[in-house]
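Step one of this worksheet: look at the structure below.
Order of appearance sets the numbers: ligands from 1, and atoms from 1 within every ligand. Note that the structure is predicted; figures quoted are calculated from it, not measured.
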Amino acid sequence: MLQYPDNPYLLLTPGPLSTTKTVKAAMLRDWCTWDTDYNNLVKEIRSRIVNMATQTSSEYTCTLMQGSGTFSVESVIGSVIPNDGKLLILINGAYGERMLQIAGYLQIENSVLRFSETEPVNAELTEKTLAENPDITHVAVVHCETTTGMLNPVSDIGEVVKKHQKIFIVDAMSSFGGFPFDISAWNIDFLVSSANKCIQGVPGFGFVVARRVLMEKLKGRARSLSLDLYDQWNTMEQGDGKWRFTSPTHVVRAFLQALNELDEEGGPVARYQRYQANQILLVNGLRELGLMPLLPDQFHSPFITTFLFPGDYNFSFQEFYDALKQKGFVIYPGKVTHYECFRIGTIGDVHIPDIERLILTIKSFMTK
Ligand SMILES: *Cc1c(COP(=O)(O)O)cnc(C)c1O
């Protein structure tokens, strides 16, 4: 008989992240992808995601898409922008750059407004760009830039985008579920996130919450069969929860359990507060040890934090990583262009005692 061991370490990474035992246990049965038992789970998930995204849920609809989060981003960019459209991408990190890369692969006309990785994207400059370039039809931005932990002012950008009557696409991959959203109030037309971030499911699919009237117009626009957002949505609508092609059934069932656990915790506001308490404790604890966060506190999301390497002694990330892993924590390397840094995620099934233990472990590494 196979043994199912406990996790040897906690993932302090922004997805996949540490999930509860009960989320993992929900995967211990098989489902038929075409059967109504399974399709009813899908229907329930779609409507619960919309309700989590907005108060005006009748105007929005949710599509689930196989693959990691990037597949869902690519399905939106490739299915939403028409051949004569032009996408403005606001970039201040690697995930913004990835949207640009997608537009490049798909040969979608685009223009870029780039900011420093240590600055939030800016609504005034966005407004100026939109005023000077009337050929732009769509605007895309990342909510939490997981590269740094930066929280971008999406509602300010949304206001400007709406004023200029453009369509607004938001990658809320690493924030949705752990942040109080109202995508209608923020003028978001297409929001993308995935199963294995703040909702605390396991990896395997992403989802798109979109304005229904816009979804209805997307037939025949996609540049890829498997990432055709309209066709995927239409099949789920017409087929009452059917997916095109094989769906990640176990992952979907685990996701429903993760949604239940999010409700039990008190929803996105309560989860936000837990993550924020984790993050504040972490930053205060590491500051005392001389490890400084890259970003000023006011720009920070509670999801992930970038710390600069300590300057005063010969710091080896690999040694640090290995020492923490041995004590039960896996952290993330840095990804910021001009700084030597590492990242620590504070999302997932991670709680104050875990962060306290982490700080003590780092302290003993730094003072050995
Ligand atoms: C995780 C993440 C993605 C998707 O990454 P995958 O590796 O494809 O799951 C996209 N954008 C942001 C901001 C993310 O944090």
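- Taking the six-membered ring for Trp and the full ring otherwise, the centers of Phe342 and Tyr321 sit at least 6.0 Å from each other.
- Protein residues with any heavy atom under 4.0 Å from ligand 1: Ser68, Gly69, Thr70, Tyr95, Arg98, Val142, Cys144, Thr146, Asp171, Met173, Ser174, Lys197.
- The OG1 atom of Thr126 sits 9.5 Å away from the CG atom of Asp156 when rounded to the nearest 0.5 Å.
- Looking at Glu59 and Arg211, a side-chain N of the basic residue comes within less than 4.0 Å of a carboxylate O on the acidic one, giving a salt bridge.
- Members clustered with Met150: Leu294, Leu295, Phe299, Leu308, Val336, Tyr339, by chain and number, using a 4.5 Å side-chain heavy-atom cutoff among hydrophobic residues.
- A cation-pi arrangement is found for Lys335 relative to Tyr95, the charged atom lying closer than 6.0 Å to the ring centre and inside a 45° cone about the ring normal.
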- Checking ring pair (Phe, Tyr, Trp, His ring centres under 6.0 Å) for the pair Phe176/His143: CA distance, chi angles, key distance, verdict? CA-CA 9 Å; Phe176 189 74; His143 182 216; 9.8 Å; no
